[in-house]
Novice: 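Sharing a structure here in structure tokens format.
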Amino acid sequence: EDQVTQSPEALRLQEGESSSLNCSYTVSGLRGLFWYRQDPGKGPEFLFTLYSAGEEKEKERLKATLTKKESFLHITAPKPEDSATYLCAPYGGSNYKLTFGKGTLLTVNP
Amino acid sequence: NAGVTQTPKFQVLKTGQSMTLQCAQDMNHNSMYWYRQDPGMGLRLIYYSASEGTTDKGEVPNGYNVSRLNKREFSLRLESAAPSQTSVYFCASRKDNPSNQPQHFGDGTRLSIL
């Protein structure tokens, strides 16, 4: 059975305080991994796709990396508007089914 | 840029009532999905449709039925609602080609069953 664990469950940072979120997984036939951002009352919003170990993607203050067993979302000098729940979702098999983690709730205080 | 549109946004039902949740996408995507999101749990797949006319069960299909009405629309029906089906329901769609495309989500339907 595919499993995904995200840590920490919640993270509180001061504005400008960099940190990392972790996503570890066991997925058969892994094809890649997505990172999403979810704001309260909204659906998940796509951030990144990572396909292979060693790959990195960047967008503004966010950088996602991938190894064979885990992915990290690094947040550099975060701002209050980065506050959200961040979801990772590895996928595998021929039908691209996603397995979502429970998410990390990030709060950035001004 | 509507993307994925879900209706209604909120609904309260009594146990035993039936209801259909509607989802439409305007991105010409082939694949569509229904998920539920509960506190402390990740998004769980209920049903999906790889193309018009086909549907398949996901992780938690019991108590639900779906219809892929056409390429744009994918509905989720609760025939006899139960309190355990209180949840936030998300619809998503995905472009199949090229491969490895992400799913794009609507903003959800918040359903309470009393």
Side-chain angles (χ1 to χ4, degrees), chain A residues 1-10 21-52 55 57 59 64 66 71 84-105, chain B residues 1-7 9-10 21 23-25 27 29-51 54-61 87-111:
Chain A
E1 182 180 332
D2 296 343
Q3 291 189 334
V4 181
T5 302
Q6 289 190 247
S7 61
E9 292 184 6
L21 313 182
N22 176 261
C23 171
S24 61
Y25 55 85
T26 305
V27 173
S28 59
L30 182 75
R31 289 178 173 266
L33 182 143
F34 296 122
W35 279 98
Y36 286 86
R37 168 192 171 125
Q38 187 174 22
D39 293 302
K42 298 290 188 180
E45 176 186 353
F46 169 69
L47 291 173
F48 301 111
T49 308
L50 299 167
Y51 298 113
S52 58
E55 187 174 7
K57 293 277 181 73
K59 180 180 180 179
L66 184 67
S71 179
T85 296
Y86 290 87
L87 305 172
C88 74
Y91 62 98
S94 60
N95 53 18
Y96 294 92
K97 282 188 193 176
L98 305 186
T99 301
F100 280 89
K102 296 178 183 179
T104 293
L105 174 60
Chain B
N1 294 337
V4 178
T5 302
Q6 294 185 237
T7 56
K9 295 188 186 303
F10 302 93
L21 280 60
C23 174
Q25 53 92 7
M27 297 175 282
H29 288 171
N30 285 325
S31 298
M32 297 186 73
Y33 306 81
W34 275 106
Y35 292 87
R36 60 178 290 172
Q37 188 175 42
D38 301 294
M41 304 189 74
L43 285 152
R44 292 182 293 168
L45 182 65
I46 304 171
Y47 271 94
Y48 67 100
S49 170
S51 62
T54 67
T55 61
D56 285 288
K57 294 178 181 180
E59 180 185 357
V60 288
S87 189
V88 183
Y89 292 86
F90 288 100
C91 176
S93 69
R94 189 181 77 89
K95 180 179 179 181
D96 293 343
N97 288 307
S99 61
N100 294 326
Q101 295 298 300
Q103 295 179 19
H104 297 272
F105 287 81
D107 282 338
T109 294
R110 283 142 189 84
L111 182 61

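Remember, predicted model here, so these are calculated numbers, not experimental data. Lettering follows sequence order; numbering is per chain, from 1.
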Novice: Where is the tightest heavy-atom contact between A:Gly43 and B:Asp107, given as atom of each residue plus distance?
Specialist: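 So the two residues come closest at N-OD1, 3.0 Å.
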Novice: What I'd like to find out is whether the side chain of B:Tyr35 reaches to under 4.5 Å of the side chain of A:Leu98, using heavy atoms alone.
Specialist: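 When only atoms from C-beta onward are counted, A:Leu98 and B:Tyr35 do touch, with a gap below 4.5 Å.
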Novice: What part of B:Arg44 lies closer than 4.5 angstrom to a heavy atom of chain A: side chain, backbone, both or neither?
Specialist: neither
Novice: Considering only heavy atoms from C-beta outward, does the side chain of B:Asn100 approach that of A:Tyr91 to under 4.5 Å?
Specialist: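 Touching, per the 4.5 Å side-chain cut-off.
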Novice: Select one option (side chain, backbone, both, neither) describing which atoms of A:Gln38 are under 4.5 Å from chain B's heavy atoms.
Specialist: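 When you check distances to chain B, only side chain atoms of A:Gln38 fall under 4.5 Å.
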Novice: Let me confirm one number: the CZ-CZ distance from B:Arg94 to A:Phe46, rounded to the nearest 0.5 Å.
Specialist: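 Going from the CZ atom of B:Arg94 to the CZ atom of A:Phe46 covers 12.0 Å.
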Novice: What residues form a salt bridge (Lys or Arg N to Asp or Glu O under 4.0 Å) with A:Lys57, not counting sequence neighbours?
Specialist: A:Glu55
Novice: Heavy-atom cut-off 4.5 Å, strictly under: side chain, backbone, both or neither for B:Leu45 against chain A?
Specialist: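 The side chain, not the backbone.
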Novice: Could you pull out the closest heavy-atom pair between B:Pro102 and A:Phe34, with the gap in Å?
Specialist: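 In terms of heavy atoms, the two residues are closest at CA-CZ, 3.4 Å.
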Novice: Looking only at non-hydrogen atoms, find the nearest pair between A:Lys97 and B:Tyr48 and report the distance.
Specialist: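 Result for this residue pair: CE-CE2, 3.4 Å.
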